[in-house]
Amino acid sequence: MDRNPSPPPPRRDEDADEDVAGGDCIGSTVYSRHWLFGVLSGLIQIVSPENTKSSSDDEEQQMELDEEMENEICRVWDMSMDEDVALFLQEFNAPDIFMGVLAKSKCPRLREICVGILGNMACFQEICVSISNDNNLGQVLLHCLYDSDPPTLLETSRLLLTCLSQTEVASVWVERIREYPAIYDSICFIMSSSTNVDLLVKVGEVVDKLFDLDEKLMLEWIRNGAVQPQDPPQEDSEEQPVFRIVPCVLEAAKQVRSENPEGLDVYMHILQLLTTVDDGIQAIVQCPDTGKDTWNLLFDLVCHEFCQSDDPPIILQEQKTVLASVYSVLSSIYASQAQQEYLKIEEDLPLIDSLIRVLQNMEHCQKKPENSADSNTEETKKSDLTQDDFHLKILKDISCEFLSNIFQVLTKETVARGLKEGQLSKQKCSCAFQNLLPFYSPVIEDFLKILHEVDKTLADDLEESFPNLKVQT
């Protein structure tokens with residue numbers, strides 16, 4: 001980002017060398033305590049009462065940051081990634097200074113840097129706990145989510161995600177966020193209107209973490225969009241938009257889709273979390289436009305973007321988590337609203353083709369090398385392989401459930417077209433049977449009954465390949 005260049009390297013003049021030699025360095029670093037005191041003192045001066053009295057003449061000046069001061073505070077931002085420096089800043093009560101800046105300064109760049117420094121400091125558990133338990137600082141930081149400056153919003157989101165990822169203090173932030181309902185509107189506004197991909201990804205990660213941590217908060221946010229204002233707006237007042245969580249998530253997903261695959265994964269997982277509660281499913285399917293938009297986006301992803309026929313099978317390793325989320329949401333929509341007009345019968349075959357291709361690629365990914373020249377390498381990768389296998393199993397379970405749901409509604413006409421177009425070839429049917437059996441035996445048996453009417457030879461071949469099937473024809 002142009003607004004956040006790498007800070008300049010530390011100065012190494014004679015005075016600095018003398019200070020370090022005299023014990024002025026911070027911890028085991030070469031950074032000078034004296035210099036850092038000077039920068040923090042300068043920050044205190046910026047927000048001192050005599051400097052914060054606003055007038056029409058100096059208000060514009062308060063929006064700008066002196067170049068020398070920016071360079072120095074940027075250096076502190078860079079230094080704060082070091083634990084010794086972060087602990088020293090904590091000991092010097094720097095968070096209180098930054099809180100004063102955030103509460104009083106109108107300079108976007110200064111606010112961004114101060115939140116960024118706090119974000120770096122929060123990477124260390126002891127400091128994260130201290131920052132999180134400071135209620136005043138917590139309130140000031142949450143108010144930064146109302147900011148209009150994207151870099152400040154980005155740094156605030158990073159800080160929140162860091163704190164939410166710390167088990168010891170996550171609940172503190174969840175409850176704090178619950179106390180400020182306007183945060184919902186701010187986050188929805190960002191997701192629905194921002195074109196800053198970095199910001200959208202980080203805000204998505206915050207929402208994903210919040211929903212994963214607290215189902216109650218997720219339900220509150222789902223219901224927020226369904227609540228209409230009781231009093232009509234006054235003639236002179238501006239009508240406030242009513243944000244609904246699903247359209248906002250969809251808009252953000254569309255923005256990040258082409259530029260950030262990891263960000264798309266995050267937003268698909270948010271949708272999947274929403275479908276874990278009935279209110280979330282209803283939030284998707286109750287409004288026809290929302291249901292249609294969700295279905296069309298996800299259908300396009302699996303049928304035209306992810307795991308395509310010309311992709312190498314190993315691509316599944318990269319796409320397994322996002323595919324699991326997308327199939328899970330599509331399956332929930334399919335199962336709950338099969339009568340909706342946007343669920344077209346002709347789309348069943350492309351979905352079957354996509355699901356079977358994923359299952360075929362999965363077989364390739366799960367093949368283990370017969371002989372490994374380096375057993376130590378196998379041992380070091382054991383945990384990674386286990387994690388990969390776990391995600392692949394989740395994807396397989398979701399894919400099989402979705403595929404069985406589609407198979408249950410296939411008509412004679414659809415099966416005939418699938419045979420003609422290749423989505424239900426012998427090879428693909430064999431792959432489907434191999435993965436669906438034995439758990440979905442009734443579904444396969446009903447499918448074979450239809451297949452007997454359309455292509456008896458293929459049906460007989462499949463029965464011969466899977467002798468445990470007993471089909472009454």
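For residues 404-430, the ring-ring contact (aromatic ring centres under 6.0 Å, His included) pairs, not counting sequence neighbours, are F407-F447. Sorted by first and then second residue, the ring-ring contact (aromatic ring centres under 6.0 Å, His included) pairs involving residues 109-143 (not counting sequence neighbours) are H143-Y146, H143-Y180. Listed by first and then second residue, the salt bridge (charged side-chain N to carboxylate O under 4.0 Å, His left out) pairs that reach into residues 161-170 come to none, sequence neighbours excluded. For residues 396-412, the salt bridge (charged side-chain N to carboxylate O under 4.0 Å, His left out) pairs, not counting sequence neighbours, are K393-D397, K412-E453. Screening residues 249-259 for salt bridge (charged side-chain N to carboxylate O under 4.0 Å, His left out) gives R257-D300, R257-E305 as the qualifying pairs, with residues at least two apart or on separate chains. For residues 122-147, the set of pairs meeting the salt bridge (charged side-chain N to carboxylate O under 4.0 Å, His left out) definition, not counting sequence neighbours, comprises R111-D147.
Within 6.0 Å of CD on Q427 lie no more than 12 heavy atoms contributed by other residues, nucleotides or ligands.
For the pair D149 and R109, the salt-bridge criterion is not met [side-chain N within less than 4.0 Å of a carboxylate O]. A salt bridge links D446 and K449; the closest N-O separation between the charged side-chain nitrogens and carboxylate oxygens is under 4.0 Å.
Of all heavy-atom pairs spanning S80 and L89, the tightest one is CB-CD1, 4.0 Å. Here the closest non-hydrogen pair linking N435 and C400 is O-SG, 3.6 Å. The heavy-atom pair separating E155 from E112 by the smallest distance is CG-O, 3.7 Å. Here the shortest heavy-atom pairing between Q166 and C128 reads CG-SG, 3.6 Å. Across all their heavy atoms, L199 and S157 have their closest contact at CD1-OG, 4.3 Å. Between Y327 and S399, the shortest heavy-atom contact is CD1-OG, 3.6 Å.
The side chain to side chain donor-acceptor pair (under 3.5 Å) check on H391 picks up Q387, with sequence neighbours excluded. Residues passing the side-chain contact (heavy atoms from CB on, under 4.5 Å) test with V101 are L43, V47, S105, L110, C114, sequence neighbours excluded. For W221, the ring-ring contact (aromatic ring centres under 6.0 Å, His included) partners are Y184, F211, not counting sequence neighbours. With sequence neighbours left out, the side chain to side chain donor-acceptor pair (under 3.5 Å) criterion links K202 to E205. Here D348 pairs with Y334 under the side chain to side chain donor-acceptor pair (under 3.5 Å) rule; sequence neighbours left out. Residues passing the side chain to side chain donor-acceptor pair (under 3.5 Å) test with E215: none are found, sequence neighbours excluded.
Partner of L316 under the side chain to side chain contact (heavy atoms under 4.5 Å, CB included) criterion, chosen from L359, D311, V358: V358.
Counting heavy atoms from C-beta outward, N224 and I245 have side chains that stay 4.5 Å or more apart.
For the residue pair S130 and Q90, a side-chain donor N or O sits within less than 3.5 Å of a side-chain acceptor on the partner.
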